[in-house]
Asker: 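My structure is below; once you've seen it, I'll send some questions.
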Amino acid sequence: MNILDEIIAVKRDEAAALRRYRSPSSFADDRLFHSPIRSLRAAIGESTAARTTAPASGPAIIAEVKRASPSAGLINASILPGDLGASYASNGATAISVLTDVRFFSGRPEDLEAVRDLVRIPVLRKDFIVDEIQVPESRALGADAILLIASVLEPGRLRDLHDLATGLGMECLVEVHHPDDLAKIDFGNVHLVGINNRNLVDFSIDLETTGRLARLLPPGVTTVSESGLRSAADVRHVARAGVDAVLMGEYFMRNPDPGKCLAELLDELRQD
C-alpha cells in the first residue's frame with residue numbers, strides 16, 4: 001500500500017466515524033453553514049483583470065496554511081491559522097487554502113474556521129474528500145470551495161460530490177495530475193481545475209506537468225498550478241503555460257514571516 005492508498009483508507013474510516021454522530025442535515029445548524037460564499041473563481045478572475053491595468057504581477061496567489069506533509073515532514077508547527085490567514089490576506093493573497101487533514105498534514109478542521117472568521121477573501125478546504133458527509137461538513141467549517149482530486153475518485157463519485165458541493169453554494173477546485181484524469185471531468189459543469197505538479201503516489205515533483213495538462217484543457221477553464229513552486233522563477237515558469245493562479249504553501253510556511261514572504265514574492269513578480 002502506497003501513501004496515497006493509506007490516506008484514502010484513513011479518510012474513509014474518518015467519514016464513517018463522522019456519520020456515527022452527525023447526519024448530513026445536522027450541519028445546517030452549525031454557525032458558519034449559512035455564511036455568504038466568496039467565489040474563488042471570481043476572485044481569481046478579478047485578480048487577472050486587475051493585471052491588465054496595473055503592473056504585471058504574475059498569476060493570482062492562493063496562499064496555503066500548511067503545518068506538515070508526508071513528503072516534507074514538519075514544516076511549521078507554531079502557526080496560529082487565523083492570524084496567518086489575516087497576514088496572507090493583508091499581503092496580497094487572492095485566496096487562502098487550509099489543509100484540514102489531521103493525521104498526515106497535522107491540520108485541523110477548526111483551522112479553517114479560524115481563518116474564515118478573520119478574512120474576507122475566499123477560503124478553500126484542502127483535504128481528501130471521498131465521502132458525501134465531508135461536503136456539508138466543509139460548508140459548516142466555512143469553506144467557500146473544496147478540493148476534489150480526480151485521481152482518487154470514480155467519475156460518478158466525482159460528479160456527485162461536485163454537484164452536492166455546488167448545490168450548497170460552494171465551488172470545487174478539481175485537481176488533475178495525469179491526462180487520464182481529464183476524462184473523468186464533465187467540463188460542462190466544471191470550470192475550475194487545479195493541476196498538481198506532485199505525483200501523489202511517489203510525491204515526486206515535475207513543474208512541466210502544468211504545461212502538459214494546461215494545453216489539454218478546454219477554453220474558459222480557470223486553471224491553478226499546484227505544488228512544487230519554491231521561487232518567483234517557478235511561478236514565472238508555470239505562468240508561461242497560461243495558468244490563472246498558483247497555489248503555494250511550503251515556500252511561505254518555511255519563512256519566519258509567511259505573510260511578508262508572500263509580499264516579497266509579489267514585489268519580485270511585479271518587477272518583470
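All values derive from a computational prediction rather than experimental measurement. Just so it is clear, the values below take in all heavy atoms, side chains as well, and ignore hydrogens, waters and symmetry mates.
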Asker: Has Arg22 got its NZ or CZ under 6.0 Å from the middle of the six-membered ring of Phe27, at an angle within 45 degrees of the ring axis?
Answerer: yes
Asker: Less than 4.0 angstrom from a charged side-chain N to a carboxylate O is my criterion; do Glu14 and Arg103 meet it?
Answerer: no
Asker: In terms of side-chain geometry, is the basic nitrogen of Asp101 or Arg67 positioned less than 4.0 Å from the acidic oxygen of its partner?
Answerer: no
Asker: If we count only N and O atoms by modelled type, under 3.5 Å, do the side chains of Ser204 and Asp206 hold a donor and an acceptor together?
Answerer: no
Asker: Are Glu208 and Arg212 close enough for a salt bridge, meaning some N to O gap below 4.0 Å?
Answerer: no
Asker: Going by an N to O cut-off under 4.0 Å, is there a salt bridge joining Glu171 and Arg38?
Answerer: no
Asker: Is Arg116 salt-bridged to Asp144, going by a charged N under 4.0 Å from an acidic O?
Answerer: yes
Asker: In plain terms, say whether Glu226 and Arg198 are close enough for a salt bridge, that is, a side-chain N and a carboxylate O under 4.0 Å apart.
Answerer: no
Asker: I need the minimum non-hydrogen distance between Ala245 and Ile44, along with the two atoms involved.
Answerer: CB-CD1, 3.9 Å
Asker: Of all heavy-atom pairs between Leu207 and Leu229, which one has the smallest distance, and what is that distance?
Answerer: CD2-CD2, 3.9 Å
Asker: Check this for me, if you would: do Asp127 and Lys11 make a salt bridge, where the nitrogen-to-carboxylate-oxygen distance has to be below 4.0 angstrom?
Answerer: yes
Asker: Flag the pair Glu154 and Lys184 as a salt bridge only when some basic side-chain nitrogen lies within less than 4.0 angstrom of an acidic carboxylate oxygen.
Answerer: no
Asker: Return yes if a side-chain donor-acceptor contact under 3.5 Å exists between Asn196 and Ser227, otherwise no.
Answerer: yes
Asker: Can you find a heavy atom in the side chain of Ile146 that is under 4.5 Å from one in the side chain of Leu173?
Answerer: no
Asker: Give a yes or no on whether a salt bridge exists between Asp267 and Arg270, defined as a side-chain N under 4.0 angstrom from a carboxylate O.
Answerer: yes
Asker: Using the rule that Ile, Leu, Val, Met, Phe, Trp and Tyr join whenever any side-chain heavy atoms are under 4.5 Å apart, tell me whether Ile195 and Val201 fall into a single cluster.
Answerer: yes
